[in-house]
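No hydrogens, no waters, no symmetry mates; every other heavy atom, side chains included, goes into these values. Residue numbers run from 1 in the order of the sequence given.
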Amino acid sequence: MSLTPKPESKPTFGAATRLVHAGRDPGAQHGFVNTPIYRGSTVLYPTYDAIKHRRGRYNYGTSATPTMDSLTDAWTELAGAAGTVVTPSGLSALTVALMAAVSAGDHLLVTDSAYRPTRQFCDGVLARFGVAVTYYDPTVGVGIAELMRPNTKAVLVEAPGSQSFEMQDIPAIAAVAHARGACVIMDNTWATPLLFPPHARGVDIAVEAGTKYLSGGSDLLIGLASANAAYYPALRRTFDHLAPCAGAEDIFLALRGMRTMALRLREHGRVGLEMARWFQARPEVLRVLHPGLPEDPGHDIWKRDFSGASGLFGVILKPVPEAAVAAMLDGLELFGMGFSWGGFESLVIPFDCTPYRTATQWAPGGPALRFHIGLEDVADLQADLDAGFARLRAAS
Ligand SMILES: *Cc1c(COP(=O)(O)O)cnc(C)c1O
C-alpha cells in the first residue's frame, strides 16, 4: 500500500466515516495508520531565525503536539466546529469553556440540572472572580428571555440533565441568547456530537467528557471543548493562558476509543432503551427517566433534535425503606457501583438532587437510581436485576 495522502475533509461524509478517518495523516507517520504518542516539552528549531520568529508548526508541548492535533482536528470535524481544545478531564474542559465566555461583572445562567461539579465551579470559583450566577429551570425554553440581564454573557445548557434527565429546548434557548449577544455553552457528554450536533443546533461552545464514550473503557480521563468561529479564538486563548494539557497517552487512548465510538454508542443506545422499557414494566418501578421513551416529558424535543440515545438513564422506584434499596444494590453481580459511565461495563448509583437544586424542586416520588447499561448480554443483566428486585421486596 502506498502512503495515503491526508484525506480532505468532506462535509458529505457521514459521522461514522468522519470518526474513522478524521485527524489521521498516515503519510506523515511513515504509513502507519495512527498518529503515535508524541511526548514532549521542548521543540527544537534548526536556526536562530526559526527560533526568533517561532517558525514551525509546533513551539512547545503545552500548546500543541501532533498527537493533540489528531484528536482536536478529528473532533472539530465530527462536532462541526471551528476548533477544539483537549484538556485532562471533562470538568476542566467545562471550566475552560466558562472562563472563555464570562468575566468579572458578567452574569451567567446555568441550568439547575447541570453536572454538580459544574455548579461547584460556578459557585466556588466564578463567584469569587465576580461573576453572578443564576440557576434556571431546565425546561424554561423561550422563558429564558425573562432571566436575561443586560450583563448576561453566557447560558449553560445540558441535555438531558445530569442525573435527572430533563430535556432542554436548546435551539429556542440559543435563539434568545444570541439575540441578546450571549454565548451558549453546552455539556453534550450524554449524546456526543454523533447524536446531537451541537453547533448546528445553536451551541457556541460544546463540552464533551471524553472520559465517558471516547474512552469506552473506564480507563482514562479527558475533556474536549469545541467552538464555532465566533467563540473559538476566546476558547483557544483561555486554553493557552491556563495550559490544562492532557497527557499524551490519554490523548492517544481517547483517539483509539473514538474510532469505534459510533459502534459502541449504537449498542449502548439500543440496549439502554430495551432495559429502560424492561424497568418500566416492573411493578417495583414508579417511572423511568429516559427521553427515548414516548412517556417521557422530554420525548418530543429529543425526537426533534437528537438522532439517538446513549446508555445512561434514571429509574425512580416506588417508595421503599432505604435498607431495601441497599439490599437490592449490595447483591448485584454485574452492575458495579461507582461514578462516571460510558465504559463497557454496567453501572448503577443511587442519587438525590435535593441537596443542591436551587431553581427547581427535586421530588421524584421514590428512591432514584442511575443506570449505565454496558455491553453485557441483556438476559444476564435482567437476571441480575430480577434477583435484586427480589431482595428489595424481601427487605420492604
Ligand atoms: C463525567 C461528566 C463530566 C466530567 O467529566 P470528568 O472527565 O469526569 O471530569 C461532565 N459532565 C457530565 C455530564 C459528566 O457525566
Given side chains that start at C-beta, do those of S215 and L253 come closer than 4.5 Å, heavy atoms only? no
Side-chain ion pair, D240 and R236, N-O less than 4.0 Å: yes
Min side-chain heavy-atom separation K153-V131 under 4.5 Å: no
Contact summary for V43 and Y60, nearest pair of heavy atoms: CG2-N, 3.8 Å
Does some side-chain heavy atom of K318 sit less than 4.5 Å from a side-chain heavy atom of E284? no
Any donor-acceptor N or O pair under 3.5 Å, side chains E146, Y136: no
Any side-chain heavy-atom pair from P171 and R304 closer than 4.5 angstrom? yes
pair M167-F306: side-chain heavy atoms closer than 4.5 Å: yes
Using every non-hydrogen atom in the two residues, find where L91 and T118 come nearest and quote the distance to one decimal. CD1-N, 4.1 Å
Are the aromatic rings of Y213 and H268 close, with centres under 6.0 Å apart? yes
For T84 against L224, the heavy-atom pair lying closest together: CG2-CD2, 3.9 Å
Might you confirm whether atom CZ of R39 has over 12 heavy atoms from other residues, nucleotides or ligands at distances under 6.0 Å? no
Ignoring hydrogens and angles, state whether a donor on the side chain of T47 or D49 is under 3.5 Å from an acceptor on the partner side chain. no
Pair F165, W302 - check ring-ring contact (aromatic ring centres under 6.0 Å, His included), show working. CA-CA 11 Å; F165 297 94; W302 175 80; over 10 Å; no
Any Lys/Arg nitrogen of D112 or R119 sitting under 4.0 Å from an Asp/Glu carboxylate oxygen of the other? yes
Which atoms form the tightest heavy-atom contact between I173 and G141, and what is the distance? CG1-O, 3.6 Å
Report the distance from atom OG1 of T189 to atom NZ of K212, rounding to the nearest 0.5 Å. 5.5 Å
Test: D296 and K303 ion pair at under 4.0 Å: no
Exceeds 12 heavy-atom contacts within 6.0 angstrom, atom CZ of R54: no
Any chance the side chains of Y135 and D123 put a donor and an acceptor closer than 3.5 Å? yes
Classify the ring geometry of F371 against F335: parallel below 30°, tilted from 30° to 60°, perpendicular beyond 60°. perpendicular
Just one of V348, L312, L289 clears the side chain to side chain contact (heavy atoms under 4.5 Å, CB included) bar with R370, so which one? L312
For a quick test of reading the model, state the closest non-hydrogen atom pair linking S226 to H199 and the distance between them. OG-NE2, 2.8 Å
Give the ring-plane orientation class for F279 versus F389, where under 30° counts as parallel, over 60° as perpendicular and anything between as tilted. perpendicular
Going through the distances and angles, do E267 and R264 end up as a salt bridge (charged side-chain N to carboxylate O under 4.0 Å, His left out)? CA-CA 5 Å; E267 183 65 4; R264 287 182 285 105; over 6 Å; no
Side-chain contact test, heavy atoms from C-beta onward, threshold under 4.5 Å: evaluate it for M186 versus F196 and give yes or no. yes
What's the shortest heavy-atom distance between A182 and D204, and which atoms? O-OD2, 4.1 Å
Salt-bridge present (D330, R391; N to O < 4.0 Å): no
